[in-house]
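Note that the structure is predicted; figures quoted are calculated from it, not measured.
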Amino acid sequence: MSNVTPAAVDSPTPPAPSAKSDDGGPLLSPALLQRLERLELVSRKIFRGRMKGERISRRKGQSVEFADFRNYVPGDDLRLIDWNLYARLDQLFLKLFQEEEDLHFYALIDTSASMNFGSPNKLRVAKQLAAALGYVGLCRGDRVSVQALGPAGRAAPVVRSRAALWKLLKYLDGLTPAANLDVEANVSLHDGVKDFVLRGMSTGVVVLITDLMDKSGYESALRMLIGRQMDVFVLHVLSQEELDPPLRGDRRLIDVEDGDAAEITVNQYVIDRYQETLKAFLHQARQYCAQRSIMHVLVPTDTPIETVMTKYLRSRGVVR
């Protein structure tokens, strides 16, 4: 499916630093913040956190919360032996405890020109998703980095407490889509993810928020994330105009990223073919991700962010 949108879309004027979304409203409402505080990011892999956090690890370690017993084997720490059990059973058992650790969470946002489309705007929805997921991580003491793909990602802050939410929101507020037809600014998924990987980021959970519309494909970008042993999720953001185009009649379609143009007559036959192509595109993306243990979630932009977070992402195992 080619990266073609109905018309070239002008880039908005960069907003002044604030916690506002592109339409002037807050990215996260107070009511949504309260609901997000009860959620937790899900990691399907075991990562070693750098600092103690609020997350219960699946690894057994040392803390105050008892987890289980296991048989002693030579080389184990003698301080963990339960001597009361030894006195009763004449066997050596070790006490295991739940270990609390932090998690490194990354949200990678596609800011290419194709994301500056739709109502609601796809980039605005991507910012909301990144802010909401980032706040969930901050509430659990995780290390959170929300960043744009490409050079803008190098300036992204790494935050760890909910008191630092303002830093995350300020960074998001400064993100603008690449200008129309600006080939250099329209960083491909491959190049954007490559830049992220080459910066030597720690392993952790990474959520790629994108429309997957890249003429060079999305496969190589996802392979790089898998190669870094990341736990990868893809939030596939599409506008209602892309899912169900309202176009009819003679149209000139212009690709906002490279200027390719096509003159077409939009009738029911063309719409039906488009829907078939879109269906095949989504099926291929889901299948490619499923075969590589990547969770793929389609996010229509007209779905309320609260519904996405508390229903869509919860049911698909991104949060719990």
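- When atom types are taken as modelled, the side chain of E257 and the backbone of S114 share a donor-acceptor pair closer than 3.5 angstrom.
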For this session: May I have the step-by-step check of side-chain contact (heavy atoms from CB on, under 4.5 Å) for Q147 and L108, ending in yes or no?
Result: CA-CA 5 Å; Q147 53 188 280; L108 304 181; 3.6 Å; yes
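- Annotation: salt bridge (charged side-chain N to carboxylate O under 4.0 Å, His left out) contacts of D195 (sequence neighbours excluded): R154, R199.
- Between the side chains of T203 and Q229, no donor-acceptor pair is found at a separation under 3.5 Å.
- Proximity of R273 to E276: side-chain heavy atoms (C-beta onward) are separated by under 4.5 Å at one or more points.
- Looking at V256 and N186, their side chains never come closer than 4.5 Å, going by heavy atoms from C-beta outward.
- If you chain together hydrophobic residues whose side chains sit under 4.5 Å apart, L138 and V158 never meet in one group.
- Contact check for M213 versus Y218: no side-chain heavy atoms found under the 4.5 Å cut-off.
- Closest approach of A285 and L212 over heavy atoms only: CB-CD1, 4.0 Å.
- A side-chain contact (heavy atoms from CB on, under 4.5 Å) with F233 is found for exactly one of L41, I294, V205, namely V205.
- In this structure, Y171 contributes its side chain and P157 its backbone to no donor-acceptor pair below 3.5 Å.
- Taking OG1 of T307 as the start and CG of L313 as the end, the distance is 10.5 Å to the nearest 0.5 Å.
- Using a 4.5 Å cut-off on side-chain heavy atoms (C-beta onward), H190 and S220 make contact.
- Residue E306 holds its CD atom at 8.0 Å from CG of L36, rounded to the nearest 0.5 Å.
- Q128 places none of its side-chain heavy atoms less than 4.5 Å from the side chain of V308.
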For this session: Please step through side-chain contact (heavy atoms from CB on, under 4.5 Å) for the pair T265 and V270, ending with a clear verdict.
Result: CA-CA 8 Å; T265 298; V270 172; over 6 Å; no
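- Smallest separation of non-hydrogen atoms from L175 and A148: CD2-CB, 3.8 Å.
- F196 pairs by the ring-ring contact (aromatic ring centres under 6.0 Å, His included) definition with Y106, not counting sequence neighbours.
- Considering only heavy atoms from C-beta on, Y312 comes within 4.5 Å of P300 through its side chain.
- No side-chain donor-acceptor contact under 3.5 Å links D214 to the backbone of S188.
- Separation of atoms OG1 (T301) and CG (L123) is listed at 12.0 Å; rounding is to 0.5 Å.
- Between the CG atom of L168 and the CG atom of D173 there is a distance of 11.5 Å, given to the nearest 0.5 Å.
- Judged purely by atom type and a 3.5 angstrom limit, R140 uses its side chain to pair as donor or acceptor with the backbone of L39.
- Put simply, the side chain of H236 gets close to the backbone of D211: a donor and an acceptor are under 3.5 Å apart.
- Summarising the geometry of L238 relative to L298, their closest heavy-atom pair is CD1-CD1, 3.9 Å, with the distance given to 0.1 Å.
- Of the possible polar contacts, none joining the R286 side chain to the H296 backbone as a donor-acceptor pair under 3.5 Å is found.
- Side-chain atoms of E241 come within 3.5 Å of backbone N or O of S119 as a donor-acceptor pair.
- Using modelled atom types, one side-chain atom of R160 and one backbone atom of G141 make a donor-acceptor pair closer than 3.5 Å.
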For this session: Would you check, one step at a time, whether the test side chain to side chain donor-acceptor pair (under 3.5 Å) holds for R143 with H104?
Result: CA-CA 5 Å; R143 286 168 290 130; H104 207 150; 2.9 Å; yes
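- Under the 4.5 Å side-chain heavy-atom criterion for grouping Ile, Leu, Val, Met, Phe, Trp and Tyr, F105 is not connected to W166 through any hydrophobic cluster.
- Distance alone, capped at 3.5 Å, is enough to place a donor-acceptor pair between the R292 side chain and the Y288 backbone.
- Here CE of M309 is found 10.5 Å from CZ of R35. Values are rounded to the nearest 0.5 Å.
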Exercise. For L133 and L235, what are the C-alpha separation, side-chain angles and deciding distance, and is it a side-chain contact (heavy atoms from CB on, under 4.5 Å)?
Worked result: CA-CA 11 Å; L133 289 168; L235 301 188; 3.9 Å; yes
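- Within the 3.5 Å criterion, the main-chain N or O of P245 finds no donor-acceptor partner in the side chain of Q240.
- Shown here for A126 and I209, the closest heavy-atom pair between the two residues is CB-CG2, 3.5 Å.
- Residues V206 and R228 fail the side-chain proximity criterion, which asks for heavy atoms closer than 4.5 Å.
- R223 pairs by the salt bridge (charged side-chain N to carboxylate O under 4.0 Å, His left out) definition with nothing, not counting sequence neighbours.
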Problem set entry | Working for side-chain contact (heavy atoms from CB on, under 4.5 Å), residues N116 and N121 | CA-CA 6 Å; N116 188 27; N121 183 272; 2.8 Å; yes
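- Shown here for A130 and L172, the closest heavy-atom pair between the two residues is CB-CD2, 4.4 Å.
- Taking CG of L33 as the reference point, atom CG of L28 lies at 5.0 Å (rounded to 0.5 Å).
- Nearest heavy atom pair, residue L149 against residue T111, reads O-OG1, 4.2 Å.
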